There are 4 protein chains.
Amino acid sequence: MMAEEPRWRRRKEDRPGDICAAALQVFAEKGFAGARIEEIARRAGLSKGTLYLYFPTKEAVFRAVVRDAVAPNIEVIRQTVLASDQPFDELVRMLLPRVAEIITAVPLGAVLKMVVGESRNFPELAKVWHDDVVLKAVTILSDAIENAQDRGEVRPGDSRIHAFSLVGPMLLGVLWRETFTPVGAAEIDLPAIARQHAETVLGGLSIAEKAG
Amino acid sequence: MMAEEPRWRRRKEDRPGDICAAALQVFAEKGFAGARIEEIARRAGLSKGTLYLYFPTKEAVFRAVVRDAVAPNIEVIRQTVLASDQPFDELVRMLLPRVAEIITAVPLGAVLKMVVGESRNFPELAKVWHDDVVLKAVTILSDAIENAQDRGEVRPGDSRIHAFSLVGPMLLGVLWRETFTPVGAAEIDLPAIARQHAETVLGGLSIAEKAG
Amino acid sequence: MMAEEPRWRRRKEDRPGDICAAALQVFAEKGFAGARIEEIARRAGLSKGTLYLYFPTKEAVFRAVVRDAVAPNIEVIRQTVLASDQPFDELVRMLLPRVAEIITAVPLGAVLKMVVGESRNFPELAKVWHDDVVLKAVTILSDAIENAQDRGEVRPGDSRIHAFSLVGPMLLGVLWRETFTPVGAAEIDLPAIARQHAETVLGGLSIAEKAG
Amino acid sequence: MMAEEPRWRRRKEDRPGDICAAALQVFAEKGFAGARIEEIARRAGLSKGTLYLYFPTKEAVFRAVVRDAVAPNIEVIRQTVLASDQPFDELVRMLLPRVAEIITAVPLGAVLKMVVGESRNFPELAKVWHDDVVLKAVTILSDAIENAQDRGEVRPGDSRIHAFSLVGPMLLGVLWRETFTPVGAAEIDLPAIARQHAETVLGGLSIAEKAG
DNA sequence: AATGAATGAGGATTCATTCAT
DNA sequence: CATGAATGAATCCTCATTCAT
C-alpha cells in the first residue's frame with residue numbers, strides 16, 4: 001500500500017491518462033454510444049464536471065483513447081522485426097509469441113474491437129489506425145517477407161497476403177476472446193495459437209524445409 | 001421499373017424482410033446505438049410508425065437482423081465439408097474460395113462487425129452467433145482436420161488451432177475490408193487471399209508433400 | 001342459443017350501442033387516456049376502422065358513453081319519488097334499496113368514477129352530469145324533503161344537506177366497491193347499507209318518531 | 001420576496017417537495033395520463049431534465065404524490081378519536097367538523113379523486129390508500145361505534161355501515177366540490193354539512209335521545 | 001481547479017386517425 | 001360498408017454539456 005495518498009492530491013498531470021484508462025474500459029464494454037461520461041469519470045475517480053476540464057467532448061475522449069493505444073505498440077513490433085537479421089523462420093517463431101504477449105498485456109483487443117465497431121462513426125480514427133498501426137505493421141511484415149523471398153527463404157506470392165496468413169489467426173484469436181469468451185465460449189490460449197500457427201505457416205512458407 | 005407504383009399496397013409479407021435489409025445497412029454503418037429507427041424505416045420505404053407494426057422495439061429489429069444472417073450460411077459450409085470425401089488438401093482448396101464467395105455475396109462481414117462491436121451490449125446475440133455459427137463452423141472444420149490427421153494427411157497439433165490457421169486470414173480480410181477500405185485502404189481481394197492462403201497453409205499442414 | 005347469427009350480419013343499427021357498451025367497460029378499467037380505441041373496437045366485435053364509421057373521435061365515444069348513462073336512470077328516480085304520496089319515512093325505506101338495485105344493475109358506479117376522474121378534462125361532461133343527473137336527483141330529493149318538512153315529518157335544516165345525508169353513504173359504498181374491492185378490500189353489500197342507513201338516517205330526520 | 005433570486009441555487013432538498021406540490025396540481029387537473037411531465041416541471045420552476053434527477057419516472061412522481069398525502073392526515077383522525085373518552089355524540093359533533101377542516105386545508109379531495117380515477121391503472125396505490133388510509137379511518141370509527149354500542153349509546157347494527165352513515169355525506173361533499181363546482185355547480189359548504197349531518201345522524205344513532 | 005445541479009436537444013415508442021383496397 | 005395497414009404528432013426519458021458555486 002502507498003502512504004495514504006489523499007484523493008484530492010492526485011497530481012493533475014496524471015488526469016488525462018487516468019481518464020483514458022477508465023474510458024478504455026468503459027468504451028470497450030459499452031461501445032462509444034453506450035458509454036456514459038459519468039461512468040468514465042467515476043472510474044477515473046473524478047466528477048463529470050472535472051472530466052470536462054481535460055477533454056472538451058466525449059468524442060475527444062474516444063479519440064484520445066484510440067490514438068493513445070497506437071504509439072507504444074507499433075514501435076515494439078518494429079523493433080522486433082528490424083532488429084532481427086536472423087532467418088525468416090527464426091523471426092516468425094519469435095515474433096508471433098511476442099505479439100501474443102503484447103496483446104495479452106495491453107488491451108489491444110478491446111481497442112481493436114472499438115475501432116472495428118465504430119469505424120463508420122469515426123472514419124478518421126479508422127484512418128489513423130490504418131495509417132499508423134495496421135498498415136505500418138503489415139508493411140514491416142511484408143517487407144521482411146519480401147526480403148526473405150529475395151533470399152529464397154519464403155515461397156513466392158503476394159507478400160501482403162503472406163502477412164495476412166501470418167497474423168490472421170492471431171487476430172481471430174483476439175476477437176474471439178473479446179467477443180465469445182464472455183458468453184461462455186472456450187478460453188483462448190493465444191501463446192499456444194502463436195506457437196502452433198508459427199510452425200504451421202512456416203511449414204508452407206519455408207521453401208528450404210520442404211526442399212530438404 | 002413498374003409503372004407508377006401506388007404509394008402503398010398490401011404487402012405485409014414483404015415488410016419484415018425489407019426492414020431487416022434496411023436495418024442491416026444502417027446498423028452496419030452506425031452501430032446499434034447510432035442507428036435511428038426513422039432512418040431504417042425511411043430506407044425500407046415506410047414510416048416510423050409502420051416499422052413498429054412489425055417489430056416491437058429497436059432491439060428486436062437488431063436481433064432479427066443478426067439472427068437472420070445465421071441460418072442460411074452455416075448450412076452451406078456444412079454441406080461443402082461433409083459432401084467431400086476428397087483428400088484434405090483438395091477440400092481446403094475448394095473450401096476457402098467457397099467461403100470467400102459467400103462472404104462476398106452476403107453481408108456477413110457487416111453482421112460480423114455488428115456482433116463483435118455489440119457483443120457486450122447484446123451478449124445473447126454473441127451467444128447465438130457463437131453457438132450456431134462460429135462454433136459449428138469451427139467444429140465442422142476441426143472434425144475434418146482430425147479425420148485427416150487420422151489418415152496421416154495433416155500434421156499433428158490441436159485441431160481447433162489448425163482451424164484458426166485455416167480461416168483466420170479470411171476473417172482478417174473481411175474485417176479489414178469492412179473497417180479500412182471505406183477510409184482509403186487498398187481493396188481486399190478475398191478470392192486471392194483464399195487461393196494463396198490455401199497453398200500457404202497446406203504447405204505446412206500436408207505432411208505428405210513434405211515427406212515427398 | 002340463437003340460430004348461428006353470422007358475425008357480418010349484425011345489424012348496423014345496433015353498432016353504436018355495442019360500441020358504447022364495450023367502451024364503457026374499457027373506459028371504466030383504464031380511464032379515458034388509458035383506453036385504446038382498438039380494444040374498444042375488438043370488444044365490440046368490429047375493427048378499428050369500422051368504429052370510425054360510427055364515431056368521429058375517441059372523445060365522441062366517451063361523450064356518448066357518459067351521456068347514454070344519464071337518461072335511463074334519472075327517470076327511474078323521478079318516477080319513484082314523484083309517484084309517492086306516502087309518508088317520508090316510507091319513501092326513504094323504499095327509495096334507498098331501489099337506488100341500491102339500480103346501482104347494482106347498471107354500471108353507474110363505473111360511469112360515476114369516469115365522470116369524477118375526467119371532470120377536468122371534459123368539463124362539459126361534468127356539466128351534463130351535474131345538470132341532468134346529479135342536480136335533478138338532488139332537487140327531486142330536496143323537494144320531497146321540503147314537502148315533508150312542511151308536513152312536520154322531517155326536522156328543519158338545509159334540505160340539500162339532508163339529501164346528502166340520505167344518499168351520501170350509498171355513493172361512498174359504490175365508489176368503495178369500484179375502487180377498493182378490486183384490490184382486496186371487503187365486499188360491499190349495498191342493499192344492506194341501504195336498509196341500515198335508511199333506519200339510521202330516518203331516526204334522525206323523523207321528528208315524529210322522536211317526539212313520540 | 002427576496003431581492004433578485006439567482007436563476008438557480010443549490011436547493012436540492014426542496015426539490016422533491018416542490019415537484020410533488022406541482023405534480024399534485026397537474027395530476028388533479030389532468031389525471032395521470034393527461035399530465036405532462038414538462039408542465040409539472042415548469043410549475044415546479046425547473047426543467048424537464050431536472051425533474052428526472054429526483055424521480056426516475058412519471059409513475060414515481062405520481063406514487064410519491066399519492067403516498068405523501070397519506071401519512072400526515074390519518075394520524076390526526078386517530079388522535080382525535082382516541083383522545084376522546086367523551087360520549088359518542090360529543091365525539092361525532094367534534095369529529096365531523098374536524099374532518100371538514102382537514103379536507104379543506106389539505107388537498108385531500110384532489111388526491112382522493114386521483115385514487116378513485118386511477119385505481120385500475122395503479123392498483124397498488126389503491127391498495128396503499130385502502131390499507132393505510134381508508135381502512136384505518138373506518139376501523140377507528142367502527143371501533144368507537146362498537147364501544148358506544150356496548151355502552152348503550154348507539155343503536156345496534158353493523159358498525160362499519162354506521163361508519164359509512166357517519167362519513168359518507170362528507171365524502172360526497174368533497175367529490176361534489178372537486179367535480180361539479182368547477183363547472184358551475186353551487187359551492188359546497190363542508191363545515192355546514194358536517195354540523196347538520198352530525199345532528200341528523202346522531203338523532204338516529206343515539207338511542208338515549210329517543211328513549212328520552 | 002473541482003463539483004454536481006441544471007439544462008434541453010434528441011430519439012424511441014405509442015396510438016388516434018386516415019384511406020386504399 | 002368493412003378492413004387493417006399506414007401515418008406522424010405527441011410525449012417520455014436520456015445524457016452530453018454547461019455553469020454557478
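Letters A, B, ... mirror the listed sequences (proteins, then strands); counts begin at 1. From a predicted model like this one, the values you see are computed outputs, not experimental measurements.
The residue among D:S47 and A:L51 whose nearest nucleotide of DNA chain E lies closer to the 5′ end is A:L51.
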Validation: residues 28-39 of chain C side-chain donor-acceptor distances under 3.5 Å, sequence neighbours left out:
from	atom 1	to	atom 2	distance (Å)
C:E29	OE1	C:R43	NH2	3.0
C:E29	OE2	C:R43	NH1	3.3
C:K30	NZ	C:E39	OE1	3.4
C:E39	OE2	C:R43	NE	3.4
C:E39	OE2	C:R43	NH2	2.7

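Residues A:F55 and A:A64 come closest through the heavy atom pair CE2-CB, 3.6 Å. Residues C:L24 and C:P107 approach most closely at CD2-CG, 3.0 Å, considering heavy atoms. Shown here for A:A23 and A:V65, the closest heavy-atom pair between the two residues is CB-CG2, 3.6 Å. Across A:V183 and B:P123, no two heavy atoms sit closer than the pair CG1-O, 3.3 Å. Contact detail for C:I19 and C:A44: the closest heavy-atom pair is CA-CB, 4.0 Å. The minimum heavy-atom distance linking D:T179 with C:V115 is given by the pair CG2-O, 4.0 Å.
For D:L53, whose side chain is taken as the heavy atoms from C-beta onward, the closest listed nucleotide among F:dC12, F:dT3, E:dA6 is E:dA6. Each of E:dT17, E:dT13, F:dT3 was ranked by its minimum atom distance to the side chain of C:L46; first place goes to F:dT3. For C:K58, taking side-chain heavy atoms from C-beta onward, the closest of the listed nucleotides E:dT17, F:dC12, E:dA6 is E:dT17.
For the pair D:I19 CD1 and E:dA5 P, the computed distance is 13 Å after rounding to whole Å. Taking atom CD of residue D:E59 and atom C1' of nucleotide F:dT11, one finds them 15 Å apart after rounding to whole Å. Between the C1' atom of F:dA16 and the OH atom of D:Y52 lies a distance of 18 Å, rounded to the nearest Å. Rounding to whole angstrom units, CZ of residue C:F62 and P of E:dC15 are separated by 17 Å. A straight line from OH of B:Y54 to C1' of E:dA12 spans 19 Å, rounded to a whole angstrom. Atom CD1 of B:I37 is separated from atom P of F:dG8 by 16 Å (rounded to the nearest Å). Distance, D:E38 CD to F:dC12 P: 8 Å, rounded to whole Å.
DNA chain F is contacted by D:A35, D:R36 of residues 21-36 of chain D, taking any non-hydrogen atom closer than 4.0 Å.
Checking each of C:F62, C:F27, C:W129 against C:F122 for a ring-ring contact (aromatic ring centres under 6.0 Å, His included) leaves exactly one that passes, namely C:F62.
Side-chain N/O atoms of B:T50 include one lying less than 4.0 angstrom from OP1 or OP2 on F:dT7. An OP1 or OP2 oxygen of F:dA2 is reached within less than 4.0 angstrom by a side-chain nitrogen or oxygen of C:R15.
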Practice task
Treat a base pair as Watson-Crick or G-U wobble with both distances under 3.5 Å, then lay out DNA chain E in dot-bracket form, 5' to 3', with | for cross-strand pairs.
Solution key: .||||||||||||||||||||

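Within the model, atoms CZ of A:R67 and CG of A:L125 stand 6.0 Å from one another, a figure rounded to the nearest 0.5 Å.
For A:K48 and F:dT17, a side-chain-to-base donor-acceptor distance below 3.5 Å is present, hydrogens and geometry of angles not being considered.
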